[in-house]
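One-based numbering, in listed order, for ligands and for the atoms of each. Side chains included, hydrogens not; waters and symmetry mates left out as well; all remaining heavy atoms used.
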Amino acid sequence: MKLRGLYAITDSQLLEGRLLPYVEAALKGGAKLLQYRDKSTDEARRLREAEALRELCNRYGASLIINDDAELAARLGVGLHLGQSDGSLSVARALLGRQAIIGGTCHAQLELAEAAAKEGASYVAFGRFFNSNTKPGAPSADVALLDASKGRINLPIVAIGGVTQDNAPALIAHGASMVAVIHGLFAADSAADVERRAHAFSALFNPK
Ligand SMILES: Cc1ncc(COP(=O)(O)OP(=O)(O)O)c(N)n1
Ligand SMILES: Cc1ncsc1CCOP(=O)(O)O
Ligand SMILES: [Mg+2]
C-alpha cells in the first residue's frame, strides 16, 4: 500500500457514540490509513472496536493502525504506531512481521527519524506543526524540518498536529506524504460533513 494521502486518527471523546459512522465517512472520503487511538484500559471494548474498524478498513481498501498497543496490533494482524516512550520499533517489527505498517513519532528531530528508519519503521511522523486541540503540549515542528528531511529520510513522512484543509497544502508542498488529522476531520456535525472533509483532504494529494 502506498503511504500517501489522508491519515485519519480516532479520538474516543470526540467520537463517543459515533465511532463507526464517522470512521466510515472518513474512509468513504478517501482516508488511506486509520489509526485507532484510545487511551482507555477497557480491553474488551478496545478489542471490539478495533475489530469493527479493521472490518471497515478492509471494506474500503484502507489499513488499520493501532496506537501504542503492539499486542493488540499483533492479535488483529494490523499496523502499529509507537511514540518515543511506547516501546521499541525493532521489537515491534519482529513481532508484526515484514509486511506490517509500523510508524514512529519523531517530534521535530531528524535524528529520531534516522533511528526509526534503522529500526525498521514504515513511516516517520513529525509534529505537531500547528496548534493542536487534541495534544496542545506536543513538541512543535515547522516546515523547515520537512525541507531538511529531503535526501536524509528515505521513508514516507507523516505530518501531524492541528492540520486543517487550509494549512495542509503547505505541508504537502514541503514533502509530507500524509497528513494525520483528528480535530480537522472528526470535529464535525455530521457524518456527511466528515466525508466532505476527508474528500477535500484527499483531493490535496491528487491535484487536477
Ligand atoms: C501519525 C501519528 N503521529 C504521532 C503520534 C503521536 O504518538 P505519541 O507521541 O506516542 O502520542 P500519543 O498519540 O500516543 O498520545 C500519533 N499517535 N500518530
Ligand atoms: C497525537 C498527536 N501527536 C502530536 S499532535 C497530535 C494530535 C493531533 O490531533 P489534531 O489533528 O486534533 O491536532
Ligand atoms: Mg503513543
Which ligand 2 atoms, with their elements, are less than 4.0 angstrom from a heavy-atom of [X]?
X	result
Gly161	5 (S), 13 (O)
Arg128	5 (S)
Ser132	7 (C), 8 (C), 9 (O), 10 (P), 13 (O)
Gly162	10 (P), 11 (O), 13 (O)
Ala138	4 (C)
His183	10 (P), 11 (O), 12 (O)

Using the ring of each side chain (for Trp, its six-membered ring), is Tyr22 parallel, tilted or perpendicular to Phe186, with breaks at 30° and 60°?
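Parallel.
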
| request: Please verify whether a non-hydrogen atom of Met178 lies at under 4.0 Å from ligand 1. | output: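 Under 4.0 Å: no for Met178.
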
Original post:
Ile65 near ligand 1, heavy-atom distance under 4.0 Å?
Top reply: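 Heavy atoms of Ile65 never come under 4.0 Å of ligand 1.
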
Would Gln165 and Arg197 satisfy side-chain contact (heavy atoms from CB on, under 4.5 Å), going step by step from the backbone distance to the final call?
CA-CA 8 Å; Gln165 289 166 53; Arg197 291 176 186 215; 3.6 Å; yes

Proximity to ligand 1 by part of Lys135, non-hydrogen separation under 4.0 Å: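 Side chain only.
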
List the closest protein heavy-atom neighbour of [atom]: residue, atom name, distance to the nearest 0.1 Å.
atom	answer
atom 1 (C) of ligand 2	Arg37 NE, 3.8 Å
atom 10 (P) of ligand 2	Thr134 OG1, 3.5 Å
atom 8 (P) of ligand 1	Thr105 OG1, 3.5 Å
atom 17 (N) of ligand 1	Gln35 OE1, 3.0 Å

Where do Ala113 and Phe126 come nearest, in terms of heavy atoms and distance?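 Looks like CB-CZ, 3.7 Å.
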
For a quick test of reading the model, state the closest non-hydrogen atom pair linking Ala70 to Leu96 and the distance between them.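 Shortest heavy-atom contact: O-CD2, 4.2 Å.
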
At less than 2.8 Å, how many protein N/O/S atoms surround the Mg ion (ligand 3)? Leave waters out.
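Of the protein's nitrogen, oxygen and sulfur atoms, 2 lie under 2.8 Å from the Mg ion (ligand 3).
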
| said: Closer than 4.0 Å to some heavy atom of Arg37 - which atoms of ligand 1 meet that? | reply: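 Checking each atom against Arg37, I get 12 (P), 13 (O), 15 (O).
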
Quiz item: Under the 3.5 angstrom rule, does the side chain of Asn167 hit a backbone N or O of Thr164 as a donor-acceptor pair?
Solution: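 Pair found, side chain donor or acceptor close to backbone of Thr164.
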
Show your working on side-chain contact (heavy atoms from CB on, under 4.5 Å) between Tyr36 and Val78 and close with a plain yes or no.
CA-CA 11 Å; Tyr36 178 53; Val78 299; over 6 Å; no

- Message: Heavy-atom count check: over 12 atoms from other residues, nucleotides or ligands less than 6.0 Å from Asp147 CG?
- Response: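 Counting other residues, nucleotides and ligands, CG of Asp147 exceeds 12 neighbours.
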
For this session: May I ask which of Gly161, Ala125, Gly104 has a heavy atom nearer to atom 3 (N) of ligand 1 than the others do?
Result: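 Nearest heavy atom to atom 3 (N) of ligand 1 lies in Ala125.
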
Among Ile160, Val163, Asn131, which one has a heavy atom closest to atom 8 (C) of ligand 2?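 Residue with the shortest heavy-atom distance to the ligand atom: Ile160.
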
Is the shortest side-chain N to carboxylate O distance from Glu114 to Lys118 below 4.0 Å?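 A salt bridge is absent here (no side-chain N lies under 4.0 Å from a carboxylate O).
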
